[in-house]
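Each remark here refers to the structure printed beneath this line.
Just the heavy atoms: all of them, side chains too, but no hydrogens, waters or symmetry mates, feed the values below. Numbering of ligands and ligand atoms starts at 1, following listing order.
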Amino acid sequence: MAETIFSKIIRKEIPANILYETESVLAFRDINPQAPVHILIIPKLEIPTIREIRLPDHTTLLGELIAAANTIAEQEGIKEDGFRLVINCDKNGGQEVYHLHLHLLGGRKMNWPPG
Ligand code: DGP
């Protein structure tokens, strides 16, 4: 699958508000925030959707993504009150960018069902 805008963000070819970076994970503020805190957490590895996740190949990477969410939630001051992690998958899931990413949303009470 063709690379997305997120690959350009990983290579620092286009700007993003980067909050967290390791060898395998990058996190930056969503350009179109849906909550006071809305951060995208992505693997640097190009994985289009969550459907491509395979174990054991991606076990460590998945752990790193979740650990990054906790670290960033703490940095952003939303860990104590709670937050939401969302992964959209393909058209029915509302995915627009085909590079796997977690949405970290917080700073307000989230609604359920999500719609
Ligand atoms: P999704 O619908 O789950 O694929 O979410 C894609 C998100 O990516 C959407 O909330 C907007 C965000 N986004 C798209 N392009 C850019 C960009 O160039 N920079 C940043 N920071 N966010 C982007």
Using heavy atoms and a threshold below 4.0 Å, how should the contact between [X] and ligand 1 be classified: side chain, backbone, both, or neither?
| X | result |
| --- | --- |
| F28 | side chain |
| I31 | both |
| N17 | neither |
| Q34 | neither |
| V86 | neither |

Tell me the protein heavy atom at minimum distance from [atom], and give that distance in Å.
| atom | result |
| --- | --- |
| atom 9 (C) of ligand 1 | D30 OD2, 3.3 Å |
| atom 4 (O) of ligand 1 | E96 N, 2.7 Å |
| atom 15 (N) of ligand 1 | I5 CG2, 4.0 Å |
| atom 21 (N) of ligand 1 | R29 O, 2.9 Å |

#### Entry: Ionic contact status for E21 with K44, cut-off 4.0 Å
yes
### Query
Is any side-chain N of the basic residue among K91 and E96 closer than 4.0 Å to the acidic one's carboxylate O?
no
### Task
Identify the two heavy atoms, one from H58 and one from L55, that lie closest to each other, and give their separation to 0.1 Å.
C-CD2, 4.5 Å
### Query
Between L61 and S24, is any pair of side-chain heavy atoms under 4.5 Å apart?
yes
#### Entry: Check: Q95 N/O within less than 3.5 Å of ligand 1 N/O
no
### Message
Is there a polar contact between ligand 1 and N32, counting only N or O atoms under 3.5 Å apart?
### Response
no
Close approach, [X] and ligand 1, non-hydrogen under 4.0 angstrom:
| X | value |
| --- | --- |
| H101 | yes |
| G94 | yes |
| F6 | yes |

### Message
Test ring-ring contact (aromatic ring centres under 6.0 Å, His included) on Y98 and F6; report intermediate values, then the result.
### Response
CA-CA 9 Å; Y98 281 77; F6 289 177; over 10 Å; no
Would you compute the distance between atom [atom1] of [X] and atom [atom2] of [Y] and round it to the nearest 0.5 angstrom?
| X | Y | atom1 | atom2 | value |
| --- | --- | --- | --- | --- |
| I14 | K12 | CD1 | NZ | 12.5 Å |
| L19 | T71 | CG | OG1 | 12.0 Å |
| H101 | Q95 | NE2 | CD | 5.5 Å |

### Task
Taking only heavy atoms of N88 into account, list the atoms of ligand 1 that are under 4.0 Å away from them.
1 (P), 2 (O), 3 (O)
### Message
Quick check on E52: does its CD atom have over 12 non-hydrogen neighbours (other residues, nucleotides or ligands) under 6.0 Å away?
### Response
yes
### Task
Kindly check if the number of other-residue, nucleotide or ligand heavy atoms within 6.0 Å of CD (E13) is above 12?
yes
### Query
Out of V97, I18, T4, I9, whose heavy atom sits nearest atom 19 (N) of ligand 1?
I9
